[in-house]
Amino acid sequence: MAADGNMKPAKKLSLKENYAMLTRGLDWEPTYQKKEDIFRMIDFEGIKIHDWDKWEDPFRLTMDAYWKYQGEKERKLYAIIDAFQQGNGQFNVTDARYLQALKIFLTGIVELEYASHRGFCMLGREFPGAGPRIAAQMQSIDELRHCTTQIHAISHYSKYFEGMANFPEQFDRVWYLSIPKSFFEDACTSGPFEFIVAISFAFEYVLTNLAFMPWMSGAAFNGDMSTVSFGFSAQSDEARHMTLGIEVIKFLLEQDPANVALVQKWIDKWFWRGYRLLALLATMMDYVLPKRVMSWGEAWTIYYEENGGALFADLARYGIKPPKYADVTIKEKGRVSHEMWSVFYANRDAVNFSTWLPSEEEMAWFSEKYPDTFDKYYRPRFEHWRQLEKEGKPFTCKCLPQLCQVCQWPCLYTEPDDATEFLHRETEYKGETFHFCSDGCKDIFADEPEKYVHAWLPVNQIYQGNCFLPGVDPTAPDFNPLVEALKYMGLKPGVDGGLLKDSIDAQRWEQWTSRPANIHEGAYTDFVRKTTNG
Amino acid sequence: MTVEIRTTGVKPIRNAFTHLEKRFGDKNATRYQESAYDIQPLVNFHYKPLWEPDRDLYDVRRTAVVMKDWYALKDPRQYYYGAYTITRSKQQDALDRQLDFVEKRDLLRSLPLAARQQLVTALIALRHYEFGANMNNSHMAAYGFGTIFTQAAMMNCMDRLGMAQHLSRIGLLTDGNTGESLTEGKRQWMDEAAWQGVRRETERLFVTRDWFELHVAQNLVADGLVYPLFYQQFDAAFAAQNGSALSSLTDYLMRWYDETNRWVEAIVKTAATESAENATLISGWTTKWRDAWVAALQPIASQILGDKGTSALDAVTTAFNTRAGKLGLKL
Ligand SMILES: [Fe+2]
Ligand SMILES: [Fe+2]
Ligand SMILES: [Zn+2]
């Protein structure tokens, strides 16, 4: 330090220099405890890191900048949410059918943001480098933000509509919500390197645009200002998260050639797992949104085939290949949403949202968007079901479907090369048979059977009598496991699920707004007919 | 699209989410309540963590403390993400004006060399202490049980990074942005005998796995001694010699400390009053870590405060004991 008297003006620091100074040498170099006792998780996966300093924090945000930047976004966001609530914005959405998408979102997605927050927080504790630890912590608190703002944005809807009020309980219990739940728990129970490849790279970098663009534009198209606002407010967070995703993958690949095989294995696994999770989104895009943005098939073409293709071409220099079974996703793109909507329609009494059959006009749209598949495979099915509805005996599934041991969807997908043949794979492990929806899921199981035998499969749990509330006697003569399971899942018959036209939401919607509950079907009740006629 | 609501009196069918209604009745919930209660999954976990196969992903057994309802551990500040970032950004705006004032007038750079050296010895090494606290709070947020606690720990984790950076700024204001003071602070932290107790105890926190014990050790005990010792006792002694330029910047740390203590104490008090077992456990931890930290701080207190070091540390310890007593702890 300079002695007194000869002071030059203080050096001006650029933003980058300022960041470097503020975090300079900050990290711990422990000498009293062993490094491996402080950072216990980084060795068991087999990833080799020689120089942690090569992984810089890609965000390079000091906390003062973070607080100000994020605080400003929050001010704006809550101003919109407040205005939305005061102006009864919940009635500005297209119709009551749109609300079914919000139910899936609140019960299925919000908790994923939470899981992501906790997962990144573990990384923020466990990575031995200061840069990656800080980056993970920042992402962790961002994901906490997403969870919180989503709850706040949707909470007002829950005051007027059913199916959203007990979202945390349902996330833990409703059978189809084990699809998203098991996805993130799989990541969080993995080691830190697998987690970050799974979430930052495979999910955020490769697949997030696919989830984000159609979903946010869908909300905008359907007048949901609350959802749109938090979505766009989260976009700049996501941009940072994607940067982390690509940087981490390059860091791992550059550190040691031995990492390539492990990273490839995780890309294969998490691409497939993420793709199966997105089948939920495919179904929402094609079937639930009353005003559509684009079809799932189109979205997959643009956001995976084109963008993803370029990405993997770029990663080829590291020896990384496009994900295994990417070809299957392309073969399936004309089928996924139709097959999964059929599953939900058939099991509509056991879900927390209402269903319906596509109208003539919607089927015409499907024929146009899916020229190779819709008329051939799905139109006849929906026409038949429509006939049954007309006759007053709508089709329902009477038995519980077999679930895939890995992705937890019902095993009701079709063979990649034959859309008329249900696909079913199984495997023996320690004397037990396990079932899969696809070769992708079967491979994932084969690599880590000890992990996946512990999957909490709702259907199996119901049959084993594990899904009923305290006080219920499973040995009672009138014990009905399915009825009890619905209570356990927090689903109320006549309120949750069922056909939209019979639903209490639809009825209230028409009563309150005088507009049809499903713009594709016209009025369900006299509340709309009266207004329209008079 | 125009909305035509046929009746002026469309009434909500419920006022709160089911889980909040169960706790607080069917009335409008606050944004804090919506963010904090019952969000963390509780049942039906899918896999055994590869990193801890004998526990669930979220598991009450990661601490010896037992609570009937983990959501009793509420944050009196009622911080959810938005309230937290907006509060911090306002505080930062005020701090920026202070920093600006000190920088424009070269208030720290123009201190006599001996004073600047003293400042570096006393405060700059604490950057590393803060960064250690950052990692410890990350541990609590990652492995703690219940959103209401873990989200506050997450905010505290980020706060500590902010405090480390604030101390770095004080260093840069002292050395004219050369970073020499940071290098020197680190050297002393790593090599000077007076700092080794603090460094050793901080490392011991890194291998303390019980997250509630870690909260007690880091946020209650260590901070409860470090903050008053450096930012009050040392700060007052330094100001007596050198004027209040430094105090205008340590004031931020003390204000943050006072604010955060409301949360730290609420957690400890709630858990300790829950049961005699909890009270005994937490009292034991508090005593153990207090003794270790008082001993660890003794040499650096003497170094920076000379012969007043011991009495200053005594005063800080006495105040701490009183505080702990008010929380229902028996030391
Ligand atoms: Fe997110
Ligand atoms: Fe994200
Ligand atoms: Zn599967």
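Protein chains get the first letters and strands the later ones, always in sequence-line order, with residue 1 at the start of each.
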>> Enumerate the ring-ring contact (aromatic ring centres under 6.0 Å, His included) contacts for residues 146-186 of chain B, please, sequence neighbours excluded, ordered by first and then second residue.
In response: F149(B)-W211(B), F149(B)-H215(B), F149(B)-W263(B), H166(B)-Y252(B)

>> Between P192(A) and chain B, with a heavy-atom cut-off of 4.5 Å, which part of the residue counts as in contact: side chain, backbone, both or neither?
In response: neither

>> Here's one to test your reading of the geometry: is the NZ or CZ of K11(B) within 45 degrees of the ring axis of Y160(A) and under 6.0 Å from its centre?
In response: no

> In terms of heavy-atom proximity below 4.5 Å to chain A, should I39(B) be classed as side chain, backbone, both, or neither?
Replying inline: both

>> Classify the ring geometry of W28(A) against F206(B): parallel below 30°, tilted from 30° to 60°, perpendicular beyond 60°.
In response: perpendicular

>> I'd like to know whether T31(A) forms a side chain to side chain donor-acceptor pair (under 3.5 Å) with R199(B), so could you lay out the CA-CA distance, the side-chain angles of the two residues, the decisive distance to 0.1 Å, and finally the verdict.
In response: CA-CA 9 Å; T31(A) 56; R199(B) 195 159 72 82; 3.0 Å; yes

> For the candidates K159(A), H454(A), M63(A), which exhibits the highest count of non-hydrogen atom pairs separated by less than 4.5 Å from chain B?
Replying inline: K159(A)

> Tell me, side chain or backbone of N466(A) under 4.5 Å from chain B's heavy atoms, or both, or neither?
Replying inline: neither

> Between W456(A) and F45(B), what is the shortest heavy-atom contact and its length?
Replying inline: CB-O, 3.9 Å

> Taking the six-membered ring for Trp, are the ring centroids of H146(A) and Y81(B) within less than 6.0 Å of each other?
Replying inline: no

> Is there side-chain contact between M135(B) and F39(A), with heavy atoms separated by less than 4.5 Å?
Replying inline: yes

> How about W51(B) and M122(A): do any of their side-chain heavy atoms sit closer than 4.5 Å?
Replying inline: yes

